[in-house]
Amino acid sequence: MKKTLLLFLFFSLTKCEAQSTIFLEEYSINIDPVKCIDTVEKKRGSKKIVLYIKNCMGEMYCEVYEKNILIEKGNYLNSLDTLTGYSVLVPRGNSEPPKIIVRKYFQPLRDGEWFFYDPRKKKVSKKYYDTGIEIKEE
């Protein structure tokens, strides 16, 4: 009985399925990873954002490209908690009343060194973040 319980606890704690959306405020993008360790590419205008997701709560490494040239890179820490957002769904016509949709998501935080480049691949600046707060710029 103890072995079964321990095995159940082990697999339930180590199993990692993406269950919540990850929201990156800096780029206004939602990510719905298929699995917790994943690589995701998103387009935002002329920018391509490549995310190397390390776990379900949003720890990741990020690279941003413009016209295939790296313009910024850095790491995100896990979201501190699951956040909740609300939106209103208004159906077409008058057949149904509007509905409020509740959405749970993670919002990871920039951390450590972030590098920013101009299109000529020259480093323009380096910013340091501590749990989402910019503490220094060079």
Side-chain angles (χ1 to χ4, degrees):
M1 177 67 176
K2 280 185 180 181
K3 282 184 181 180
T4 306
L5 182 59
L6 287 174
L7 284 173
F8 172 77
L9 286 173
F10 174 76
F11 285 111
S12 64
L13 292 174
T14 57
K15 183 181 177 190
C16 188
E17 294 177 4
Q19 298 173 353
S20 290
T21 297
I22 297 171
F23 176 67
L24 292 180
E25 183 177 27
E26 294 84 2
Y27 313 109
S28 296
I29 59 172
N30 291 311
I31 304 142
D32 295 303
V34 176
K35 49 191 175 186
C36 290
I37 299 173
D38 203 359
T39 301
V40 175
E41 288 188 15
K42 289 283 194 172
K43 287 287 221 174
R44 201 64 166 153
S46 64
K47 294 180 181 178
K48 178 175 77 170
I49 302 159
V50 182
L51 306 165
Y52 301 93
I53 301 170
K54 298 177 184 177
N55 67 40
C56 296
M57 290 181 65
E59 181 182 357
M60 67 182 83
Y61 173 73
C62 173
E63 294 179 344
V64 181
Y65 295 86
E66 190 157 8
K67 298 178 183 171
N68 293 324
I69 297 171
L70 181 67
I71 59 169
E72 67 183 83
K73 64 181 179 178
N75 289 293
Y76 282 95
L77 284 179
N78 282 338
S79 180
L80 297 178
D81 204 348
T82 305
L83 305 176
T84 304
Y86 301 94
S87 57
V88 178
L89 176 64
V90 180
R92 293 181 183 217
N94 294 333
S95 60
E96 297 178 39
K99 296 178 184 177
I100 294 180
I101 307 295
V102 179
R103 178 177 68 99
K104 294 190 179 289
Y105 63 97
F106 294 117
Q107 186 172 328
L109 305 167
R110 285 186 172 188
D111 196 61
E113 295 178 335
W114 274 74
F115 297 92
F116 299 86
Y117 305 91
D118 71 7
R120 294 180 305 269
K121 298 184 182 180
K122 181 182 174 190
K123 185 178 73 159
V124 175
S125 68
K126 182 175 11 175
K127 295 181 180 180
Y128 295 88
Y129 292 85
D130 184 12
T131 318
I133 300 169
E134 185 181 331
I135 55 173
K136 181 179 168 186
E137 182 176 355
E138 293 179 354

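Nothing here was measured: the structure is a model prediction, and the numbers come from that model.
- Note that SG of Cys62 and NZ of Lys42 are 13.0 Å apart. Values are rounded to the nearest 0.5 Å.
- If you chain together hydrophobic residues whose side chains sit under 4.5 Å apart, Ile29 and Val64 fall into the same group.
- Interatomic distance, CE of Met60 versus CD1 of Ile37, reported as 13.0 Å (0.5 Å rounding).
- A cation-pi contact, defined as under 6.0 Å to the ring centre and within 45° of the axis, links Lys127 to Phe116.
- Counting all heavy atoms, side chain and backbone alike, Pro98 lies closest to Pro91 at CA-CD, 3.9 Å.
- Contact check for Ile100 versus Ser87: no side-chain heavy atoms found under the 4.5 Å cut-off.
- Remark: Arg44 is not positioned above the aromatic ring of Tyr27, lacking an NZ or CZ atom under 6.0 angstrom from the ring centre and at most 45 degrees off the axis.
- If you check the side chains of Asn30 and Thr21, you find no donor sitting under 3.5 Å from an acceptor.
- For the residue pair Gly85 and Tyr105, the shortest heavy atom distance occurs at N-CE2, 3.7 Å.
- Here CD of Glu59 is found 14.0 Å from OH of Tyr61. Values are rounded to the nearest 0.5 Å.
- Nearest heavy atoms, Pro33 versus Ser20: CD-O, 4.4 Å.
- Asp111 pairs with exactly one of Asn78, Ile133, Leu77 by the side-chain contact (heavy atoms from CB on, under 4.5 Å) rule, that one being Leu77.
- Inspection of the Ser46 and Glu66 side chains reveals an N or O donor paired with an N or O acceptor under 3.5 Å.
- Side-chain contact between Phe23 and Ser79 is absent, with no heavy-atom pair separated by less than 4.5 Å.
- Annotation: cation-pi geometry not satisfied between Lys126 and Phe115 (NZ/CZ under 6.0 angstrom from ring centroid, within 45° of ring axis).
- How far CD1 of Ile53 is from CD1 of Ile31: 5.5 Å, rounded to the nearest 0.5 Å.
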Subject >> Evaluation steps, side-chain contact (heavy atoms from CB on, under 4.5 Å), between Ile101 and Val88 >> reply: CA-CA 6 Å; Ile101 307 295; Val88 178; over 6 Å; no

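- The CD1 atom of Ile22 sits 9.5 Å away from the CG atom of Asp38 when rounded to the nearest 0.5 Å.
- Between Glu134 and Lys136 there is no salt bridge, since no side-chain N of the basic residue sits under 4.0 Å from a carboxylate O of the acidic one.
- Side-chain contact between Asn75 and Lys54 is present, with at least one heavy-atom pair separated by less than 4.5 Å.
- With 3.5 Å as the limit, one finds a donor-acceptor pair spanning the side chains of Glu26 and Tyr76.
- The residue from Leu70, Leu51, Ile71 that alone fulfils the side-chain contact (heavy atoms from CB on, under 4.5 Å) condition with Glu63 is Leu70.
- Residues Leu80 and Gln107 have side chains not in contact (no heavy-atom distance under 4.5 Å, counting atoms from C-beta outward).
- The minimum heavy-atom distance between Met57 and Asn55, with the atom names listed, is N-OD1, 3.0 Å.
- In this structure, CG on Leu24 lies 7.5 Å from CD1 on Ile49, to the nearest 0.5 angstrom.
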**OP:** In sequence, state the C-alpha distance, the side-chain angles, and the governing distance for Tyr65 and Lys48, and then conclude on side-chain contact (heavy atoms from CB on, under 4.5 Å).
**Re:** CA-CA 5 Å; Tyr65 295 86; Lys48 178 175 77 170; 4.2 Å; yes

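- Using a 4.5 Å cut-off on side-chain heavy atoms (C-beta onward), Glu113 and Tyr129 make no contact.
- The minimum heavy-atom distance between Val124 and Tyr117, with the atom names listed, is CG2-C, 3.8 Å.
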